[in-house]
Every structure is written in C-alpha cells, then in structure tokens.
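Per chain, numbering begins at 1; letters A, B, ... match sequence-line order.
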Amino acid sequence: MADTKKLAIIASKGTLDWAYPPFILASAAAAMDMEAMVFFTFYGLPLLKKELDLKVTPTGNPAMPMKMPFGSKDFQNINWPIPNLISGNVPGFDNMATMLMKETFKKKGVATIEELREMCIESGVRFVACQMTMEVFGFEKKDFIDGVEYAGAAMYLEHAAEANISLFI
Amino acid sequence: MSEIIANRTLDCSGMNCPLPILKTKKEIDQMQSGEVLKMISTDPGSANDMSSWSNRTGHKIVGSSSEGGSYTFYIQKS
C-alpha cells in the first residue's frame with residue numbers, strides 16, 4: 001500500500017448545500033486510508049452542532065436549479081426560475097427550498113449530513129473548531145458534538161503543512 | 001468472466017456517492033486478507049470511483065461487470 005496521505009479542509013460555509021463537500025471528501029478520504037482533518041470556522045461552525053438545522057436559499061444564487069422532487073420525469077426536469085424579489089421576500093421560501101433539496105437528495109440516495117458526519121467520526125476524521133470565531137459568534141462547546149478539538153490557525157496549519165491536499169470550502 | 005467466489009456480498013443499490021465507497025471500506029475492514037467482497041452498486045460514478053479507491057487502498061478489484069445500470073465489483077482484501 002502507498003504511504004499515508006493527508007487531507008486538510010477548511011469548512012467555512014454552513015448552508016445545506018455547502019455542508020456536503022467537506023463531509024463527503026473527508027469521509028471518502030478516510031475510506032481511502034488518508035488522515036483527514038476538517039477545520040470549522042466562521043459559518044462552518046454550525047455544522048458541528050448536535051442538532052443540525054441547515055438551510056439553503058436560491059436568493060443571490062442564480063446557478064441553483066429549482067426543481068421539484070416529485071411528479072413525472074418531465075415535470076421534475078423543469079427548472080423554475082424564481083426572481084430574487086420573490087425568493088428573498090416570501091416568508092418561508094428558504095424553508096421550502098430546503099425541504100425540496102432534502103427530498104431530492106433522499107430520492108437520489110444521497111446520505112444526509114448527519115449520516116456523513118457520523119461516518120467521518122467513525123472513521124477517525126479529526127474535527128477542529130475555530131476557538132476565535134466560536135467566541136465571536138457566541139457558540140459554546142456544549143452546543144457541539146463530542147470529540148471536537150478546539151484550537152486556532154496554528155493547529156490547522158500544522159496538519160496542513162504535512163498535507164497532500166488542502167482545500168478551502 | 002470466470003465465476004469468482006465471494007466471501008461476502010454488499011448491496012449498495014440506490015446509494016449515491018460517496019456511500020458505496022464508505023460502505024465498501026467498512027465491510028473490507030471486517031474481512032480477512034485474501035477474502036473477496038462482492039459489491040453491487042447502481043451509482044454510475046462508482047466504476048471509476050471503485051478503481052481509484054482500489055488504487056489508493058491496495059485492495060484489488062479482481063473482477064467487475066455491469067448490466068442494466070447495475071455494477072458489480074469483486075474486491076480482494078490485500
């Protein structure tokens with residue numbers, strides 16, 4: 001077997017869509033015998049909460065397809081262009097978009113964020129929470145899942161300096 | 001392809017990336033060196049993904065086939 005490779009990821013986004021890449025890559029890396037670390041900072045911190053409440057919004061994101069997870073195949077393929085004026089002003093629009101995305105993921109056999117996070121932990125992925133941004137945004141250790149390490153830039157950089165792959169997400 | 005005898009079978013049908021890889025790794029970890037795992041997947045990305053996974057982990061794909069959107073891999077634990 002080849003020598004052990006290392007993956008270092010900074011997770012800086014906490015929406016439902018952007019929660020996927022760090023957990024997918026870290027869990028897959030662990031499954032490929034790599035040592036993976038994810039450093040959660042700024043808006044990535046909520047991904048460590050015991051109870052996840054992640055949302056997605058099409059507002060300001062013209063690349064996000066708005067499709068229905070039900071109905072005939074032709075109906076599901078329709079992309080509904082929603083103007084920001086509507087998506088940003090109609091109460092509950094983000095909740096609906098979130099529900100639609102979750103339903104689509106489920107139908108396509110995509111794991112939930114909770115499942116992927118659990119598999120990361122099981123396979124030894126290290127989770128590090130940025131202490132500084134925790135204090136800035138008022139997160140407390142008791143809000144987060146067990147097994148998280150708490151540190152700053154130096155701990156991430158120590159790992160990243162030895163890493164073969166480092167990603168900012 | 002000659003018949004390969006599998007010690008275990010793992011059905012990942014309906015699962016999408018990266019689940020087939022994660023489940024395969026979990027299963028392989030519980031097996032003995034030399035044993036063969038038969039893994040079935042419906043994820044079209046899994047053909048290339050399994051090959052990359054095998055290259056990195058050293059567990060060999062000793063046989064594979066695809067039929068009607070279903071992919072079968074025989075993986076021998078290193």
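Identified by a heavy-atom distance below 4.5 Å to chain A, the contributing residues of residues 12-30 of chain B are B/Gly14, B/Met15, B/Asn16, B/Pro18, B/Leu19, B/Ile21, B/Leu22, B/Lys25, B/Lys26, in residue-number order. The stretch residues 11-19 of chain A places none of its residues near chain B, where near means some heavy atom under 4.5 Å from a heavy atom of that chain. Applying a 4.5 Å heavy-atom cutoff, the residues of residues 99-111 of chain A that approach chain B are A/Lys108, A/Gly109, A/Val110, A/Ala111. Contact annotation for residues 113-124 of chain A against chain B (heavy-atom separation below 4.5 Å, listed by residue number): A/Leu116, A/Met119, A/Glu122.
In terms of hydrophobic clustering, with Ile, Leu, Val, Met, Phe, Trp and Tyr side chains grouped at heavy-atom distances under 4.5 Å, B/Met50 and B/Ile4 are assigned to different clusters. Clustering ILVMFWY residues whenever any of their side-chain heavy atoms sit less than 4.5 angstrom apart, transitively, puts A/Leu47 in the very cluster that holds A/Leu45. A continuous path of ILVMFWY side-chain contacts below 4.5 Å connects B/Tyr71 to B/Leu10, so both sit in one hydrophobic cluster. If you chain together hydrophobic residues whose side chains sit under 4.5 Å apart, A/Ile9 and A/Ile24 fall into the same group. Linking ILVMFWY residues whenever their side-chain heavy atoms come closer than 4.5 Å, directly or via other members, places A/Ile78 and A/Met96 in the same cluster.
Counting heavy atoms of neighbouring residues, nucleotides and ligands inside a 6.0 Å radius, atom CD of A/Gln76 exceeds 12 of them. More than 12 non-hydrogen atoms from other residues, nucleotides or ligands lie less than 6.0 angstrom from CG of A/Asn89. Few gaps surround CG on A/Asn79; more than 12 heavy atoms of other groups in view lie less than 6.0 Å from it. Within 6.0 Å of OH in A/Tyr43 there are 12 or fewer heavy atoms belonging to other residues, nucleotides or ligands.
Between atom OG1 of residue A/Thr4 and atom CZ of residue B/Arg56 there is a gap of 8.5 Å, rounded to the nearest 0.5 Å.
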